[in-house]
Visitor: 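Next up is a structure, given as structure tokens.
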Amino acid sequence: MLLWLQDVSKVKVTKATKKKSAKKVTLKIKKITGVTGYQVAVYKSKKTAKKNKKAILKKFTKKNKAKFTVSGKKLKGKKKLFVKVRAYILVNNKKEFGAWSKVKKVKVK
């Protein structure tokens with residue numbers, strides 16, 4: 001792994017929210033400088049999220065912002081969701097990833 005990945009080992013998700021009828025999840029994270037973007041994974045249960053299996057949605061964002069949204073058809077009407085995020089940079093047109101954040105429960109409004 002690259003040296004920078006060891007320094008920014010984890011992204012921290014501070015808040016995750018979703019409206020009940022919406023097809024999108026809004027995330028607030030602690031922003032890391034020098035990254036190209038983030039990969040977000042959404043799960044139905046905490047158990048599958050910890051094992052990194054059966055994600056109902058995996059998306060890349062090319063934005064390095066503290067607040068962003070991810071959307072997908074499979075997110076509509078879910079009562080419980082769990083998310084985790086990791087940072088990445090491009091090195092020679094190849095994505096180099098940091099470690100996954102802790103699993104965060106999505107608050108459905």
Side-chain angles (χ1 to χ4, degrees):
M1 253 193 207
L2 297 173
L3 180 63
W4 83 270
L5 289 174
Q6 294 169 353
D7 294 339
V8 275
S9 60
K10 285 191 180 181
V11 177
K12 185 176 180 184
V13 180
T14 55
K15 189 176 183 181
T17 58
K18 174 189 171 314
K19 290 185 180 177
K20 193 172 190 178
S21 62
K23 296 177 187 177
K24 61 184 178 181
V25 175
T26 303
L27 297 169
K28 284 186 182 179
I29 61 168
K30 278 195 162 184
K31 186 176 138 178
I32 299 173
T33 56
V35 299
T36 306
Y38 300 97
Q39 182 182 20
V40 180
V42 183
Y43 300 88
K44 286 184 182 179
S45 73
K46 192 171 185 176
K47 192 176 189 179
T48 57
K50 284 186 174 183
K51 292 181 179 182
N52 203 17
K53 304 280 184 186
K54 298 180 185 177
I56 60 172
L57 179 72
K58 274 194 178 178
K59 291 253 179 159
F60 288 99
T61 64
K62 293 183 180 178
K63 299 175 184 173
N64 189 6
K65 293 185 175 182
K67 184 178 179 180
F68 56 88
T69 61
V70 290
S71 59
K73 292 179 182 179
K74 294 183 179 183
L75 298 179
K76 187 176 181 182
K78 302 292 183 194
K79 294 180 181 175
K80 288 182 185 177
L81 290 173
F82 298 88
V83 296
K84 60 184 181 177
V85 181
R86 65 179 175 175
Y88 73 90
I89 62 167
L90 290 176
V91 179
N92 299 327
N93 291 329
K94 186 179 176 187
K95 291 177 182 162
E96 295 287 339
F97 294 98
W100 285 105
S101 68
K102 290 184 179 179
V103 178
K104 180 79 173 180
K105 185 177 181 180
V106 176
K107 193 175 203 178
V108 179
K109 294 182 177 181

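Residue numbers count from 1 along this sequence. None of these values were measured; they are calculated from a predicted model.
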Visitor: Taking only residues two or more places apart in sequence, or in another chain, which ones meet K51 in a side chain to side chain contact (heavy atoms under 4.5 Å, CB included)?
Guide: K47, K53
Visitor: What residues form a side chain to side chain contact (heavy atoms under 4.5 Å, CB included) with S71, not counting sequence neighbours?
Guide: K24
Visitor: Mark yes or no for whether K50, through its side chain, and V103, through its backbone, hold a donor-acceptor pair below 3.5 Å.
Guide: no
Visitor: How many angstroms lie between OG1 in T61 and CG in L27, if you round to the nearest 0.5 Å?
Guide: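 Nearest 0.5 Å value for the OG1-CG distance: 9.0 Å.
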Visitor: How far apart are the closest heavy atoms of K30 and V11, and which atoms are they?
Guide: O-CG1, 4.2 Å
Visitor: On a heavy-atom basis, which atom in S45 and which in F82 lie closest, and how many Å separate them?
Guide: C-CD1, 3.5 Å
Visitor: Counting only N and O atoms by type, is there a donor-acceptor contact under 3.5 Å from the side chain of K18 to the main-chain atoms of L75?
Guide: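 Checked: pair present.
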Visitor: Q39 vs K58, test: side-chain contact (heavy atoms from CB on, under 4.5 Å). Steps then yes/no.
Guide: CA-CA 7 Å; Q39 182 182 20; K58 274 194 178 178; 3.9 Å; yes
Visitor: Any chance you could measure K84, atom NZ, to S101, atom OG, to the nearest 0.5 Å?
Guide: 7.5 Å
Visitor: Considering residues at least two apart in sequence or located in another chain, which fulfil the side chain to side chain contact (heavy atoms under 4.5 Å, CB included) criterion with K28?
Guide: T14, K15, K67
Visitor: At what distance, to the nearest 0.5 angstrom, does CD1 of I89 lie from CD1 of I32?
Guide: 11.5 Å
Visitor: Run the side-chain contact (heavy atoms from CB on, under 4.5 Å) test on F68 and V40 for me, step by step, so that the C-alpha distance in whole Å, both residues' side-chain angles and the decisive distance to 0.1 Å come before the verdict.
Guide: CA-CA 11 Å; F68 56 88; V40 180; 3.6 Å; yes
Visitor: To the nearest 0.5 Å, what is the distance between NZ on K65 and NZ on K31?
Guide: 9.5 Å
Visitor: Measuring from atom NZ of K46 to atom NZ of K105, what distance do you get when rounded to the nearest 0.5 angstrom?
Guide: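 So the gap between those two atoms works out to 9.0 Å.
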Visitor: Shared ILVMFWY cluster between V35 and V85, side chains joined below 4.5 angstrom?
Guide: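 Yes: a chain of side-chain contacts under 4.5 Å links V35 to V85.
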Visitor: Grab the two heavy atoms, one from Y38 and one from Y88, that are nearest each other, plus how far apart they are.
Guide: N-CE2, 3.4 Å
Visitor: Flag yes if V108 and I56 sit in one hydrophobic cluster, no otherwise; membership is Ile, Leu, Val, Met, Phe, Trp, Tyr, and two members link when side-chain heavy atoms are under 4.5 Å apart.
Guide: no
Visitor: Which distance, rounded to the nearest 0.5 Å, do you find between the CZ of R86 and the CG of N52?
Guide: 7.5 Å
Visitor: What about V13 and L81, same hydrophobic cluster or not, with Ile/Leu/Val/Met/Phe/Trp/Tyr joined at side-chain heavy-atom distances under 4.5 Å?
Guide: yes
